[in-house]
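A quick note: this is a predicted structure, and the numbers were derived from the prediction, not measured. FYI, side chains are in, hydrogens and waters are out, and symmetry mates aren't considered; it's all heavy atoms of this structure.
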There are 2 protein chains.
Amino acid sequence: MAGKKVLIVYAHQEPKSFNGSLLKIAVEELTKQGCSVTVSDLYAMQFEPRATRNDIVGHLHNPEAFNYGVETWEAYKRGGLSKDLVEEQKKVQEADLLIFQFPLFWFNMPAILKGWMDRVLVQGFAYDLSKAYDGGLLQDKLSLFSFTTGGGQEMYSKGGIGGDIRYILWPMQHGIMHFCGVKVLAPHICYAPENVSEEKRKEMLTAWTQRLKTLWKEEPIDCSPEWYFK
Amino acid sequence: MAGKKVLIVYAHQEPKSFNGSLLKIAVEELTKQGCSVTVSDLYAMQFEPRATRNDIVGHLHNPEAFNYGVETWEAYKRGGLSKDLVEEQKKVQEADLLIFQFPLFWFNMPAILKGWMDRVLVQGFAYDLSKAYDGGLLQDKLSLFSFTTGGGQEMYSKGGIGGDIRYILWPMQHGIMHFCGVKVLAPHICYAPENVSEEKRKEMLTAWTQRLKTLWKEEPIDCSPEWYFK
């Protein structure tokens with residue numbers, strides 16, 4: 001799929017990690033396909049996860065009582081968001097596909113990646129009054145959550161102590177991506193890479209390469225409650 | 001319940017906000033009851049949400065490939081975690097009740113609070129090898145998630161576009177608190193305080209005060225998949 005643009009938002013501290021290998025594979029395979037790949041390496045960028053007044057350049061809409069949602073919305077409209085946010089929004093705007101690559105931390109993404117969501121996907125840019133879900137502002141884009149877990153697959157099953165892994169995907173896939181109008185491809189999950197054999201790890205890396213080869217032919221999941229909780 | 005110790009972990013930028021009012025009420029009411037109340041005001045503390053090498057003082061267990069989980073576990077055991085983490089852990093250790101007060105951001109807690117979870121609740125301190133869930137290391141403690149939403153209550157119902165609010169609680173209550181052995185009281189949710197009348201807002205604040213008066217008589221929820229997904 002030559003010409004397609006991909007943004008990989010990557011949240012791991014160590015290039016030699018399994019997440020680092022998954023990132024490398026995605027960059028290489030997608031580049032080989034002729035895609036243009038951009039990586040936001042959040043730890044390397046020392047990306048700021050805190051949503052604060054610093055995200056607004058210049059005056060506040062209401063300096064009496066700081067409301068982050070209102071202030072970033074107003075700042076977006078007048079072009080007054082901080083430089084780091086504007087740069088990330090540009091990358092999102094240009095992308096056909098967003099890949100989020102991270103280790104699952106506490107049934108969720110690491111704080112640095114949650115901060116990217118909190119700060120980049122502001123009202124006016126990603127959604128607006130009555131422009132959400134299928135009407136969200138980031139339509140015609142795809143997303144894919146690719147992550148590793150600490151626990152094994154049996155732990156994240158319906159009868160397992162962690163419950164169905166799809167329960168964990170609801171806030172990320174439905175609550176964020178679907179909310180912004182972004183379509184969601186099936187997640188890519190590598191279970192417990194730290195606790196399996198070197199051979200199994202290699203198999204997992206190969207599986208990711210293989211999946212990427214036909215990624216552009218995939219249909220998005222039906223991002224409805226039934227998919228998550230049936 | 002004189003003598004009980006409460007830690008409130010608070011994540012809002014603005015003291016004049018509705019979350020700020022909920023915090024103030026909790027501090028006042030619990031203090032009036034004779035509880036000793038500590039507040040971790042994360043934005044005011046400029047709490048660091050990023051999980052990095054800076055959290056480990058001195059040498060790394062494996063400087064060749066940085067693994068945050070392994071490094072913080074090893075550092076915990078030798079007393080080598082950074083000062084801000086040790087201080088938060090001390091507050092958690094002493095507390096009988098943890099209250100998390102925050103605005104829901106993207107179906108989840110704000111990044112700064114997620115960072116508190118990521119960095120404070122390290123292996124060895126909050127859980128350990130086969131010491132998780134009912135065997136977690138933070139037993140005999142209670143927790144309570146108190147938060148505000150942007151959307152109205154009808155949005156967060158089973159048939160609503162946001163789905164049952166309990167779906168959102170699974171990663172926080174089960175995946176974090178229950179995992180660490182902490183018991184979970186029913187969440188306290190104020191729906192869309194920014195979009196209701198001043199009268200309704202006052203009612204919500206009064207309801208919080210009232211609930212706090214009998215909080216210590218409450219039984220924890222049954223933190224099982226049935227509670228969340230039935």
Open item on the list: Just checking B/K24: does its NZ atom have more than 12 heavy atoms from other residues, nucleotides or ligands closer to it than 6.0 angstrom?
Closed with: no
Open item on the list: With a 6.0 Å cut-off on the ring centroids, do B/W116 and A/F105 count as close?
Closed with: no
Open item on the list: When you compare the side chain of A/T52 with that of B/Y43, does any pair of heavy atoms fall below 4.5 Å?
Closed with: yes
- [ ] Give a yes or no on whether the backbone of A/A111 and the side-chain of B/D118 come within a donor-acceptor separation of less than 3.5 Å.
- [x] yes
Task: Structural part of A/H178 lying under 4.5 Å from a heavy atom of chain B - done: neither
TODO: Check each atom of A/F18 against the heavy atoms of chain B and say whether the ones under 4.5 Å are side chain, backbone, both or neither.
DONE: neither
Open item on the list: For A/L42, which atoms come within 4.5 Å of any heavy atom of chain B: side chain, backbone, both, or neither?
Closed with: neither
Open item on the list: Please classify the contact between B/F66 and chain A as side chain, backbone, both or neither, with a heavy-atom cut-off of under 4.5 Å.
Closed with: both
Open item on the list: With a 6.0 Å cut-off (strictly less than), is the heavy-atom count around NZ of A/K158, excluding the residue itself, greater than 12?
Closed with: yes
Task: Criterion side-chain contact (heavy atoms from CB on, under 4.5 Å) on B/E14 and A/Y68, from CA distance to verdict - done: CA-CA 9 Å; B/E14 174 58 62; A/Y68 187 78; over 6 Å; no
Task: Among B/S17, B/A132, B/P225, B/P110, residue most engaged with chain A (heavy-atom pairs, under 4.5 Å) - done: B/P110
Open item on the list: Tell me if a side-chain donor or acceptor on A/R50 pairs with a main-chain N or O of B/F47 at a distance below 3.5 Å.
Closed with: yes
TODO: Verify the neighbour count for atom NZ of B/K202: are there more than 12 heavy atoms of other residues, nucleotides or ligands below 6.0 Å?
DONE: no
Task: Which of A/G69, A/A11, A/P49, A/P15 touches chain B most, by non-hydrogen pairs under 4.5 Å - done: A/P49
TODO: Using a cut-off of under 4.5 Å on heavy-atom pairs, state which of A/I168, A/I112, A/N108 scores highest against chain B.
DONE: A/N108
Task: Part of A/M109 within contact of chain B (heavy atom distance under 4.5 Å) - done: backbone
Open item on the list: So does B/R53 get a backbone contact from the side chain of A/Q13, meaning a donor-acceptor N/O pair under 3.5 Å?
Closed with: no
Open item on the list: Other residues, nucleotides and ligands only: do more than 12 of their heavy atoms fall within 6.0 Å of CD on A/E198?
Closed with: yes
Task: Contacting moiety of B/C223, where chain A heavy atoms sit under 4.5 Å - done: neither
TODO: May I ask you to check whether over 12 heavy atoms, not counting those of B/K131, lie within 6.0 Å of atom NZ?
DONE: no
Open item on the list: Donor-acceptor check, side chain of A/W106 to backbone of B/K114, threshold 3.5 angstrom: yes or no?
Closed with: no
Open item on the list: Which residue is it: A/Y167, A/Y228, A/F229? I am looking for the one with a ring-ring contact (aromatic ring centres under 6.0 Å, His included) to B/Y167.
Closed with: A/F229
Task: A/D134 atom CG: more than 12 heavy-atom contacts under 6.0 Å - done: no
- [ ] Could you tell me whether the side chains of B/N67 and A/E194 share a donor-acceptor contact shorter than 3.5 Å?
- [x] yes
TODO: Return the option, out of B/G162, B/G163, B/G115, with the maximum number of heavy-atom pairs under 4.5 Å with chain A.
DONE: B/G162
Task: Closest-packed option against chain A by number of heavy-atom pairs under 4.5 Å, given B/V70, B/D164, B/L113, B/I161 - done: B/I161
